[in-house]
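Here's the structure we're looking at; comments come further down.
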Amino acid sequence: MAFLIPSREARPGDDPIFALNAEARSRAQAGEAIVNATVGSLLDDDGRIATLPTVVEALRSTPPAVVAAYAPIAGNSDFLRGVVRDLLGDRPEAKMAATVATPGGTGALRHTIANFLEPGQTLLTTSFYWGPYKTLADESDRQLATFRMFDERGALDVDAFRSALSKALAEQRRALVFLNSPCHNPTGYSFDDIEWGKVCDVVEELSSHGPIALVLDVAYARFGAQPLDLMVGRVCKLAGKALVAFAWSASKTFLEYGIRVGALVVLHPDDDERRRIQNALSYSCRGTWSNVNAGGMAAISSVLLDAELAGRVDRERKGYVDLLARRVARFNELAGAAGFSYPRYDGGFFTTVFTPDAFGAAEKLKAMGVFVVPQAGALRVALCSVAERDIPRLVESIQKVI
Ligand SMILES: Cc1ncc(COP(=O)(O)O)c(C=O)c1O
């Protein structure tokens, strides 16, 4: 007797990245010299997970009564104020924000799918994208479509974006777009100011065709080579024409992936519409996870709102941003010399190397003790988890198999 409904019967049990990571770790534990470039967490050059001492201390010193109590459904108000300030500073658009706390950026993305698309409709993102976008769409009975990410010159393909957005609006009379920059996962690409300008022009131009929700997935905001504020300034100008939403996450910003703290910030200038959006998002919280980790939110609020703690955290994070920058520079030097085809990479956790048979290449790499994540046409290389001294072996191995 089949208990699962038909649409759930063929769900894969394992997340492919977590499965590859588990295999790499078990071979390393058995004594093999493994290069594990699969994990999306920042590891130091000794393979230990990187943490920020001031954040760890804030978590430790959160009173047990705060940790134990339920948080408000929409999230701790100090936390939400801190997130809005982190994203928007003193901008007037900060007053237009509907906000809810979510379990990581993942929860924020989930809520946009459930609230800004009808069941069966399709969200739009770049042709290279973080796999869970599709999982989130599937899980909510929505679809995912992509537009070609890079043009012939390796720049963001804004024309492809315009036609895909125009098609989505023609077909479903509304559109939901996920854009992940800076430090796009998996390609490492960060849109530059000109590209953001063009993206905003397209959204503005097509906004009369139907409601467009533009979701900025800024999970890697603190690792980009450019300040996030450049992009924020541009997209804020769209508020009122399109729905501008930020999926904010403490996972990478504070190197605390496991506390599951994030937020969704949605900008709308109209008070009544903003109230309806706020209500819908709070309702979604109640109808999914109920409320977010209270201790995690309290600790993150303190490091967001206390200027002295925030300064300390910034200094601590800078050490890791620099560590990553050294790996990126080493990779660029060696990969450039090896003739790899890969997108502009100026910071962030990942890059991808283009190769037609990525799955075959990844299998061969595994046999050589090098783990990367294959996807159609590219190998994702998580430099965040590879020690600088292992980058030459990583690049040489990739060169042999592509
Ligand atoms: C592109 C992207 N968006 C969002 C997230 C959300 O992560 P979390 O739910 O841990 O905040 C991740 C995490 O890997 C990511 O890579």
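First listed ligand is number 1; within each ligand, the first listed atom is number 1.
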- Item | Aromatic contact, Phe223 with Phe350 (centres under 6.0 Å) | no
- Output yes when a side-chain donor or acceptor of Asn36 lies under 3.5 Å from a complementary backbone atom of Phe371, and no otherwise. no
- Query: Can we call the ring centroids of Tyr220 and Phe349 under 6.0 Å apart?
  - Reply: yes
- With a 4.0 angstrom cut-off on heavy atoms, strictly below it, pick out the residues next to ligand 1 and order them by chain and number. Gly104, Gly105, Thr106, Trp130, Asn180, Asn185, Asp217, Ala219, Tyr220, Ser249, Ser251, Lys252, Arg260
- Message: Is it the case that atom CD1 in Ile49 sees more than 12 heavy atoms from other parts of the structure closer than 6.0 Å?
- Response: yes
- Lys/Arg N to Asp/Glu carboxylate O, Glu205 vs Arg162, below 4.0 Å: yes
- Message: Testing the 3.5 Å rule here: is there a donor-acceptor pair between the side chains of Ser181 and His184?
- Response: no
